[in-house]
Every structure is written in structure tokens, then in C-alpha cells.
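So the structure is just underneath, and the comments pick up after that.
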Amino acid sequence: MSDPDSHNNIRKKRDMADTYDFQEIEQKWQARWETGTYYQAESSSSKPKYYALIEFPYPSSEGLHVGHPRSYVGMDIVARKRRMEGYNVLFPIGWDAFGLPAENYAIKTGIHPRVITRQNIANFRRQLKMLGLSFDWSREVDTTDPNYYKWTQWIFLRLFKRGLAYKAEIPINWCTSCKVGLANEEVVGGVCERCGAPVVRKAKKQWMLAITKYAERLLEDLREVDYLEKIKTQQTNWIGKSYGAELRFEVPAVNRTLSVFTTRPDTIFGATYMVLSPEHPLIEEAIGKVENPDEIRAYQKLAASKSELERTDLAKDKTGVELKGVPAINPATGETIPIWISDYVLISYGTGAIMAVPAHDTRDYEFARKFNLKIVEVISGGDIEKEAYTELDGVMVNSGFLNGMLAKDAISKAIDWFEREGKGERTVNYKLRDWVFSRQRYWGEPIPLVECEKCGWVPIPEEELPVLLPEVESFIPSSEGESLLATLSDWVDTMCPVCGGKAKKETDTMPQWAGSSWYFHRYADPHNDKAFASRANLDYWMPVDWYNGGMEHTTLHLLYSRFWHKFLFDEGLVSTPEPYIKRTSHGMILGADGEKMSKSRGNVVNPDEIVGRFGADTFRVYEMFMGAFDLAAPWSTEGVVGVSRFLNRAWSVMAKVDGNAVPTQEQTRAIHRTIMRVGERIETMKFNTAVSELMTFTSDLLSYDKVPMEMFRTLCILLSPFAPHVTAEMWERTVGEGRVLLEEPWPSFDPELAKAQTVTMAVQINGKLSETISIDWGMTQDDVLKIVHDLPKVKRAIDGKSVKKVIHVPNKIVNLVVK
RNA sequence: GCCUGGGUGGCGGAACUGGUAGACGCAAGGGACUUAAAAUCCCUCGAUCCUCGUGGUCGUACGGGUUCGAUUCCCGUCUCAGGCACCA
């Protein structure tokens, strides 16, 4: 303390000996990589191609979060390994840069979203470069660039021309604060996902994409792809295929039939009432005939004020009103049954109406109990005094021609009957809904259509694309709930491209999902101004070999992008039906408190700070070491210290390298074993154990007086995908000779040599560990038993008893069952 | 309520297709080096009991089961996280 100068000098000397200067080394190598073309994918190559993809980020104003790089570093390791394995690798990056935060900021400050987006991108780019990720920066894409969104509009127009884009008036989620329609997916907890304001339902003409036409193929083709099982399950459940029947019930008062979808037509004799969603069109037809129109109107209004989540919350009490005086007729029993409306039935699933079978459906049971509706048991086996009986292995009762059958057999028989009677038929139903594609926002791709008084909706000619976002001064949206664009009459008023008459531009813009539904195609040919990407480049690079991203995107983004890709396939523009061969996911990085990182919790860790203190290599290795890649893991800056020590230990191996030393047999085994294990663990994304393997190997090397060059080279190569800067420096200083680490081939191993020569075997008596012995690898049971029988503890254990059974698992255990 | 994934030392986490539970790292304690500190290196480190050993018992959320043997498989329960659209 008294003499800071000498203190610092001592410190500096020590640092020279024990630690490396990460700042200097990382700057040096990043500068070298920046000017070189190491990471650029070659457009044509004799090497096999490999396309590694991460989800491109939304460049938020908060900057990079320690969670982002987990996926990037993981795939960077894969990409680097592939390059060393001789592949021509495409590992691109870009920006999913349309989005509400920039627009909300613009509304508040008057600063153009483009300006703030540009700043945010610059910051993200700086942070990503600081981490030494091997992205091909020459292929960067930005969804807000007109040269990019031109093609987003172009793809939309093709969808429109094929009849897959249509306008429909449907109740949508309406954010009372943002004044925009939200997809159901964007409503979280009954409030707007982005602004937190309450969401109500409001009728609005929306552009829709007919993704449901692709439901079957989106489901079927999951068989062909290598996705993690849980991801496939999620896709499958989201698409939600179910087999059942559409049945028609007469409603004499309005002289029409009411269709319902049911998976349980076997219970038809127990259908004692029907329930319509409050938005069901039959209500309008019946409103003049019912005895209680005011009550019904009031209920509809109440339902509209609730979000879908509130409506579907099972814990809440069921509500509803009867359409008094407008009953239906049960086609099987001929009985007159009441029709109710209730918000537990959703207009968006099935036909928006159900036949209620209270005895055998839990929700219907609750509803019937609450409103004292008739409950008729038609399947025996449960106790309908207490609860609904929903099993399929009961026997049919009170069910006419179905009596005596098992419920599961009665399903088909019931449908046969309906088909014969012409009152219904077998159908398949999907949970998947069409995609609401309209947003009443400024900061999105304009939808390139005009509405002509004579011709209706007409596409803007391709050669006029992109339809640019107009320059504006203020970003306040129209209070009518239209986008800001609607207020710009100069922009809106236009000429019909077909008849030349008066027309108006569409003022809705596209959702953020649009740009991200095809960005991976653009990476194949990012600067093309003649096509979204050339066929040759698409054929070369697609499909993506490995796509890693968060679980939160494994339903929507994955499904939407698969849908667009399938559409492009149908248009003959790409040559494979699926865009991604393999899809994996990573776990979230939580705050040190184990909670999700967020500003409000104050537990956000900034990568700049960590990189500044420990360096990028340490940051990268720690992100891989902190826990299983696919599970959530809490951040621990204390834990970073351990990784920092490890890299310094690896650095210090350099001082022991001896070019003349030849690896011993044991050392050769260690080399091969480590190559095998590290390689396997990268391929299976068990990065944390790959790192621990490298730590063990490093400690091994440090235990020798002289480290053979081959061992050192192996360490550098295996560690380089994780810690590219420090290994590059170690390599240059020690191996040198103009050989560049990045261009070294990934080493191969001999599985025979990777085996240990001697192994520790567990000796068990009756399945309990007695002791361990050291034996040669591959020793036979007879030889093992000879050794085991001489062990004093074993002798004592079997004294006076007999060995009933011997279980020998080679190289692992021998178990004596003694009685 | 439904779907998916978890629950292992003080902490983060390992454990191949059922075969020595706790690899690797953090923290902690002890020691070496140092005038001192930092850094570094070495040792100990699941709980508990005793006769302190080359010992006994318990231990992978909980309760059962299968097995020579279960963190791993089966049944049931609790609990945490994420997702959700009452799937009729």
C-alpha cells in the first residue's frame, strides 16, 4: 500500500509468469480474423457444405444479454469443429430488427425507429465481435433493410396469388394501449405481451395466412427431421390433430342445423344440451326469436371484454346464458335440448359449438351442475353423482343401438349411423389456426396490396417492390386503431395497377414473424437483387444442417418458417420440403438468484463487464461449462474464476513443451481418449463435460516435467473451438512455422488406443460394494474370479455359505450372490 | 386443468444402453511459498455412528415395486420451471 509503484511492478512480473494478457491477445487475433477471410463461406467449393444456424437476435436497446451467447458459442464450437473437419461452413448472423420496442420508443421520443435500430445493431455487432464468434459477417442481413423486406413482400404476394392470404373479420385481441391487434400468441397473462396493458376482443378485418392448409404436411414431415423429441412433441401438440365427427343438430326455431365437432360421438345419447361460443353466428339469427335478447347481448359484451386466457381459465366458475325459446333436437334421442352460450367454448376451435355430455366430460359436468341441467349416464363404470366419467373402457347404456358395446367401439358405430342418416360424418380436426398476419403498426413491412373500388384487393406489381415505409415526423398511431400509415393520405391514395382507377394502399404492416420466416434462405445469397436468393445458392446451402435456438421459439417461429419453406417448395423455388435437418434447443441463463434475468429484478449480467474482467475466452468457456446446455442454469460470476484459472493453466503448459519429448504409451492413450471424448461431447452438445475433460487433460499435462509437442498440439486444437484467441496465441508461439491453428485438421483417434489399459473393477457381495480391484482391460470372468476368491473380505463373506450366482460385467463389476 | 422438462453435497453440476453416486469447477478448511498480502502449488471436503478403521449405517424430492444390483425402469405422490388454445 505504501509504495504503489513497486507493488505494481511486482504484480506485473507475477502476471507475466502466471497469467496471460487476454486483452492484448484477443485484440491481436480479432484484428487478424477481421481482415482475413477465415470465416467466410465459399460460394463454390470442392468441400462438403455445412450450414450451422442460430436464431438471429432482435437488437434491443439493452444490448446483448449473457443469455444470447449461449446458443451462439455452442454453435460457434460446432462450426469451428466442422471447418477443421474440412467442411465449407456457413455460419451467418443478422438482425430481426422490426419490432414494437423501437416503435414505442419512437412514439415517446420522436426519434425514427430506423435510427435507434441502427444504433442497437451497431452495439450488438460490437458485442458479438468482442466474443470472437466465427460468423460470416459478409452475409449479415437486416429485416428492416428495404433490400431485404422487398423479398418479404415478394413472398407475401405469392402467398396472396395462391389464395393463401385472405382478409377475414374475426374477433382479435385488441391492446387498449398500443391500439393494435395482437395474435393470440402475443397475449401473455391476459395483457399485452409488450406493453402490459389489458387486452380486449374486437372485431377487425385482418389479413390471414392459411397455414391450416399445411397442417397435415407440417405434422407428417416431422417424421423426416432430426429434431429433439420434445420439440417434435411441441409441434405435434400445437398442430393438434384429432379424429372425430362433425354432427348436425336441428334447430327448428331458426330452421337450420347446428354443426358440432366431437371426438366422442359415442356419447350422443347423453348430449342433454348444446353450448355455443358467444361469437357464434347462429346467435344473430336467433336473437329475434329468443325470449331473453338483452341478457344474451350483455353476456356477449362481457365475454368480449375478457382475454382468451381469462375465458379459458379452468379454475374460474363457468358462466353462461340460455338461448330461451330456441332449442335444438338431439338427432339420436329426438329429444328437445336447450342451447346455451358460454365463453368456455371458443369460436376458433372446431365449429365454435359443442354438444354437451355432462356425464362424460368434466367441463360439461361442471356447467350442468352449476345451471341444473340434465345429466344422463350413457357409459357405465363411473359414479356420475360425484364426477364425470371420461374413460373409454366402460359399457354403453341408455344408448339405443349402442347399448352393450364398449365406448371405444361405439365411436365408430355412432359415426356410421350418422353417416347413414345424413346427419354427420367422420372428420379430422386440427387445433392449429390460421395465422393473423396484420399489424396496425408503422415499424413493419408494408403489405404490398391496394384496394381498388372496382377490382377489389390487387397486388402491387413485383417490379414496384419494395413498398417503402414512408418518411414521417411523428409516430403516434391513428386513434381509430389503424396504423400511422392510415393518416398519410398522400401515401394511401394511389392508382389501381389493374384498371388505373382510384385505389388505397393497405395500411396494415406485417408481424415480426414475417422477416424471420425466411431469413435463413437469404443468408445463402444475401446481396441478390434479382431474387430472394438464387436457385443455385439455395440448392447448394439448403437445407440448414443444424439449427439451434430457444425452446420459446420451437412452436411458433419454427412452425411459421417451416410453413413458408413448404410454400416456397410448392412454388418450385427450393428443392427440399423441410428447411432444417436438425433442431436443438438451449436452456435459459438465469440470474445469480435463480430467477429469470430482467431489469426489474436487477439481476442482469452484462457481457461487456465479464469480458472486460476475464476476457472473451473465459466468458465463452464459462458459458459452456456452467451447466447442461439444454437446461436452464444460474449465472455465477464466482464460477467464472474457475474457468479463468483453467485457461491460465492451459497457457502455462506452454512453458513445459519439449519438442524432443516423445509421448509415452500412457500419454498416447490420454491423447486418443481426450480426442474421442471431446469430439463426442461437442456433437451431443454436452459442452460442460467437454470442458471438464479438457481441464483434466490440462492437469495431466502440467503433472509432467516435459510435455511432448503432440500433446500440446492436441490441447490447442481441442480447446480452440471453445477458446479461439488464447489457443491461437499458444499455437503461434510454440508450434509456429507458418502453421495457423484455424487451418489445422481436427484430429482423429484410434478407439483401441482410447481404451484404458487397466481398469478398476467393483467387487460386490449380494449387490453391495465390498471393495475395488485393479485388473487388466478385458480380463475374463474366470481370471477375475481367481483374484476375487483370494480377497480376504470375500473369503470372510462366503465362509460357510455358498455362492449361488456370479454376475460379471466385463471391466465394470463382479457380483457374488451368497447364501 | 393440460403439455413439456426438472428435483443429486454448502453451491453449479457429473454418472455410457440398469453396474463403484458425487467427475469437473466454485466456496470452505489446513499447509507450502512470501516481511505481508495477492497470485500460484499441495492436501481435506455427502451425512452420521463408533471401537477412528483397509470400519458400520444412511444417502440422488417422497412412498411403493421390479432386479443379484435402481440417480437410471414401472406405479403413485409432492414440488419447481417453462409453455398453453377448457382440444369438446
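Values below: every heavy atom of this structure, side chains too, minus hydrogens, waters and symmetry copies.
At distances below 3.5 Å, at least one donor-acceptor pair connects side-chain atoms of Asn330(A) with backbone N or O atoms of Ala271(A). Not a single donor-acceptor pair under 3.5 Å links the side chain of Tyr560(A) to the backbone N or O of Trp435(A). The backbone N or O of Phe697(A) lies less than 3.5 Å from no partner atom in the side chain of Thr674(A), so there is not a single donor-acceptor pair.
We find that CZ of Arg677(A) is positioned 12 Å from C1' of rC24(B), with the value rounded to whole Å. The distance between atom CG of Asn811(A) and atom P of rG19(B), rounded to the nearest whole Å, is 14 Å. The CE atom of Met626(A) sits 16 Å away from the C1' atom of rA14(B) (whole-angstrom rounding). Tyr349(A) has its OH atom 18 Å from the P atom of rC84(B), to the nearest Å. In this structure, the CZ atom of Phe629(A) is 24 Å from the P atom of rC24(B), given to the nearest Å. Counting to the nearest Å, the C1' atom of rA88(B) and the CG atom of Leu258(A) are 13 Å from each other. Residue Glu623(A) contributes atom CD, which lies 16 Å from atom C1' of rG13(B) at whole-angstrom precision. Look at OH on Tyr243(A): it is 18 Å from C1' on rA88(B), rounded to the nearest Å.
Among the heavy atoms of the strands, none lies under 4.0 Å from Pro792(A). Using a 4.0 Å heavy-atom distance criterion, Asn688(A) is classed as a sugar-phosphate-only contact. Within the 4.0 angstrom heavy-atom criterion, no nucleotide atom of any strand lies near Leu694(A). Thr262(A) comes within 4.0 angstrom of the backbone, heavy atoms only, and of no base. Within 4.0 Å (heavy atoms only), Ala628(A) reaches sugar-phosphate atoms of the nucleic acid but no base atom. Across all strands shown, Thr555(A) has no heavy atoms under 4.0 Å from either base or sugar-phosphate atoms.
Considering only residues two or more places apart in sequence or on other chains, His672(A) meets the ring pair (Phe, Tyr, Trp, His ring centres under 6.0 Å) condition with none of them. Every ring pair (Phe, Tyr, Trp, His ring centres under 6.0 Å) that Phe563(A) has, sequence neighbours left out, goes to Tyr214(A). For Phe371(A), the ring pair (Phe, Tyr, Trp, His ring centres under 6.0 Å) criterion is met by Trp340(A), Phe367(A), not counting sequence neighbours. Residues forming a side chain to side chain contact (heavy atoms under 4.5 Å, CB included) with Glu229(A) (at least two apart in sequence, or on another chain): Lys232(A). Remark: Lys805(A) pairs with no residue by the salt bridge (charged side-chain N to carboxylate O under 4.0 Å, His left out) rule, at least two apart or across chains. Take Phe22(A) and apply the ring pair (Phe, Tyr, Trp, His ring centres under 6.0 Å) test, not counting sequence neighbours, and it matches no residue.
Nucleotides rG29(B) and rA23(B) have their C1' atoms positioned 22 Å apart, rounded to a whole Å. A distance of about 25 Å separates the P atoms of rG59(B) and rU54(B), rounded to the whole Å. Only the C1' atoms considered, rU48(B) is 29 Å distant from rC80(B), to the nearest whole Å. Only the C1' atoms considered, rU72(B) is 15 Å distant from rG22(B), to the nearest whole Å. rA88(B) and rC74(B) have their C1' atoms separated by 32 Å, with the value rounded to a whole Å. A distance of about 28 Å separates the P atoms of rC11(B) and rG56(B), rounded to the whole Å. Going from the P atom of rA81(B) to that of rG12(B) covers 15 Å, rounded to whole Å. Using atom C1' as the reference point in both rU71(B) and rA61(B), the two lie 12 Å apart (nearest Å).
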Pull out every protein N or O sitting under 3.5 Å from an N or O of nucleotides 25-31 of chain B, one pair per line with the distance.
residue : atom : partner   : partner atom : Å
rC26(B) : OP1  : Arg645(A) : NH1          : 2.5

Identify each atom pair where a protein N or O and an N or O of nucleotides 3-7 of chain B are less than 3.5 Å apart, giving names and distance.
residue : atom : partner   : partner atom : Å
rC3(B)  : O2'  : Asn237(A) : ND2          : 2.9

Discussion item. Walk along nucleotides 64-74 of chain B from 5' to 3' and tag each nucleotide B, S or - by protein heavy-atom contact under 4.0 Å, base first, then sugar-phosphate.
Written reply: ----BS-----
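Using a 3.5 Å distance cut-off with no hydrogens or angles, the side chains of Thr212(A) and Arg433(A) do not pair a donor with an acceptor.
Looking at RNA chain B, the stems built from 3 or more consecutive Watson-Crick or G-U wobble pairs, each pair with its key distances under 3.5 Å, are B:1-7 with B:78-84, B:10-12 with B:24-26, B:28-32 with B:40-44, B:46-49 with B:55-58, B:61-65 with B:73-77.
Residues Thr698(A) and Val653(A) have side chains in contact (heavy-atom distance under 4.5 Å, counting atoms from C-beta outward). Side-chain contact check for Glu377(A) versus His360(A): some heavy-atom pair is nearer than 4.5 Å.
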Listing, residues 762-774 of chain A side-chain donor-acceptor contacts under 3.5 Å, not counting sequence neighbours, or none:
residue   : atom : partner   : partner atom : Å
Asn766(A) : OD1  : Val818(A) : N            : 2.7
Asn766(A) : ND2  : Val818(A) : O            : 3.4

For residues 625-635 of chain A, dump all side-chain donor-acceptor pairs below 3.5 Å to protein atoms at least two apart in sequence or in another chain.
residue   : atom : partner   : partner atom : Å
Trp635(A) : NE1  : Thr637(A) : OG1          : 2.9

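In this structure, rG83(B) shows a glycosidic angle more than 90 degrees from zero, which is the anti conformation.
Contact annotation: Thr263(A) reaches the phosphate of rA88(B) (side-chain N/O to OP1 or OP2, under 4.0 Å).
Of all non-hydrogen atoms in His808(A) and Met779(A), the two that sit nearest each other are CE1-O, 3.9 Å.
Place Ala353(A) and Tyr430(A) on RNA chain B by their nearest nucleotides, and Tyr430(A) ends up nearer the 5' end.
Counted within 6.0 Å of NZ on Lys755(A), heavy atoms from surrounding residues, nucleotides or ligands total more than 12; the atom is thus considered enclosed.
Among the nucleotides rC86(B), rA88(B), rG82(B), the one closest to any side-chain atom of Ile354(A) is rA88(B).
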